[in-house]
Amino acid sequence: MTSALRLGVNIDHVATIRNARGGAHPDPVRAAFAAAEAGADGITAHLREDRRHITDADIDALMAKLEIPLNLEMAATEEMLGIALAHRPHAACIVPEKREERTTEGGLDAAGQHNQLAYFVDRLGAANIRVSLFIEPDPAQIEAAIRLGAPVVEFHTGRYAHVEGAEREAELRRIADATALAVKNGIEPHAGHGLSFDNVQPVAAIPQIAELNIGHFLIGEAIFTGLDASVRHMRALMDKARG
Ligand code: PXP
């Protein structure tokens, strides 16, 4: 089955640039509107424990103003759960978070942290927030997501993005196999991390992937071409790969 492929634009690094000077420019909410105008189906924002980019005020403003779905990326902590339950975004993606990392470096250990994650998946789900787990494209992690009752998983494509040649082909097969296993078990598969104009199409061509979440490359590319052109080109590449 080939389904529509949604694009979630991650706006974290608009906030990174804003925070470099501590003012209000560039505004992540304005970027979210521009991304929506250019064809984004949703906006993704990661409220990190250290608030290094997106802030609580950004989440308030996005929830108040955004007309397309917000996917809140969050660590499995009581603080983030409280924020998610207060705002009730369309979706929450649970990600592993380490204070010293530059970005989300790997997937969740859903298999090893069943008891801790079950509480967050249940509480978010009970509030009608669509929960996803950011995991490696690994059968053991998918089995864990099934046991947790997660409706969505997002496969970490960081390794796919960083290796080349035969290794990349192998990683792509791992993502395709993981996608099939998720779908077979009634879980909606998403993917993201490290995707760019050069590497998005093979992932977008996996017919059952429902959503790609892409941030750093799109915001970086926007420096050269503007956010509108950057998002539109990504959207066109995804559609071409899927079509
Ligand atoms: N999906 C998740 C769960 C992430 O944590 C990130 C990075 O914040 C992304 C997608 C987007 O990754 P990138 O910024 O490399 O496109």
Side-chain angles (χ1 to χ4, degrees), residues 5-17 19 28 31-32 35 40-55 58-59 62 69-77 80 84 89-99 101-110 117 120 124 129-137 141 145 150 152-163 171 175 178-179 182 188-201 203-204 209-223 227 230-231 233-235 237-238:
L5 177 59
R6 299 190 300 270
L7 170 60
V9 173
N10 181 315
I11 55 167
D12 292 351
H13 297 302
V14 178
T16 302
I17 297 172
N19 296 356
D41 301 287
I43 296 299
T44 294
H46 185 177
L47 184 66
R48 292 187 77 102
E49 199 186 356
D50 62 10
R51 309 302 198 267
R52 70 174 72 153
H53 37 58
I54 294 293
T55 64
D58 292 327
I59 299 297
L62 288 165
L70 178 68
N71 173 32
L72 174 69
E73 284 182 14
M74 53 175 271
T77 65
M80 290 301 151
H90 167 75
C93 180
I94 304 180
V95 300
E97 207 176 288
K98 290 188 232 115
R99 214 170 252 277
E101 71 190 351
R102 256 193 241 162
T103 181
T104 314
E105 282 165 2
L108 279 172
D109 181 12
L117 291 172
F120 291 93
L124 292 164
I129 300 169
R130 190 200 68 190
V131 188
S132 80
L133 302 177
F134 190 42
I135 58 173
E136 294 295 326
Q141 297 300 337
V152 176
V153 291
E154 180 169 329
F155 294 123
H156 196 305
T157 50
R159 185 171 155 69
Y160 161 81
H162 288 112
V163 294
E171 195 58 27
I175 297 167
T179 298
E188 182 176 294
H190 298 180
H193 210 281
L195 296 177
S196 69
F197 292 160
D198 287 341
N199 65 24
V200 73
Q201 289 197 300
V203 178
I209 289 191
E211 181 174 307
L212 298 181
N213 284 299
I214 309 179
H216 183 266
F217 178 85
L218 287 174
I219 304 306
E221 186 65 13
I223 292 169
L227 189 56
S230 167
V231 173
H233 189 54
M234 185 63 81
R235 174 84 264 171
L237 289 171
M238 287 166 53

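Atoms within a ligand are numbered from 1 in the order they appear, just like the ligands themselves.
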What atoms in ligand 1 come closer than 4.0 Å to a heavy atom of Val95? 3 (C)
Atom CD1 of Ile17 and atom NE2 of His53: how far apart are they, to the nearest 0.5 Å? 12.0 Å
Part of Asn10 within contact of ligand 1 (heavy atoms, under 4.0 Å): side chain
For the residue pair His190 and Phe155, is the inter-centroid distance of their aromatic rings smaller than 6.0 Å? no
Got His46 and Val95 here, is their nearest side-chain heavy-atom distance under 4.5 Å? yes
Heavy-atom closest pair, residues Ile209 and Ala191: CD1-CB, 4.1 Å
Below 3.5 Å, N or O to N or O, backbone or side chain included: is there any such pair between Cys93 and ligand 1? no
May I ask you to list the atoms of ligand 1 that are less than 4.0 angstrom from any heavy atom of Ile214? 16 (O)
Rounded to the nearest 0.5 Å, how far apart are CD1 of Ile54 and CG of Asn19? 8.0 Å
Minimum distance, heavy atoms only, to atom 6 (C) of ligand 1: which one of Glu97, Glu154, His190, Glu73 is it? Glu73
Tell me, do Met234 and Phe217 make a side-chain contact under 4.5 Å, heavy atoms counted? yes
Please identify which atoms of ligand 1 are closer than 4.0 Å to at least one heavy atom of His216. 13 (P), 14 (O), 16 (O)
Spell out, as yes or no, whether a donor-acceptor pair under 3.5 Å connects the side chain of Asp12 to the backbone of His216. no
Go through ligand 1 atom by atom and flag the ones less than 4.0 Å from a non-hydrogen atom of Phe134. 2 (C), 3 (C), 5 (O)
Going by the atom numbers of ligand 1, which of them fall below 4.0 Å from some non-hydrogen atom of Asn213? 10 (C), 11 (C)
Answer yes or no: does an N/O atom from Gly194 fall short of 3.5 Å to an N/O atom of ligand 1? yes
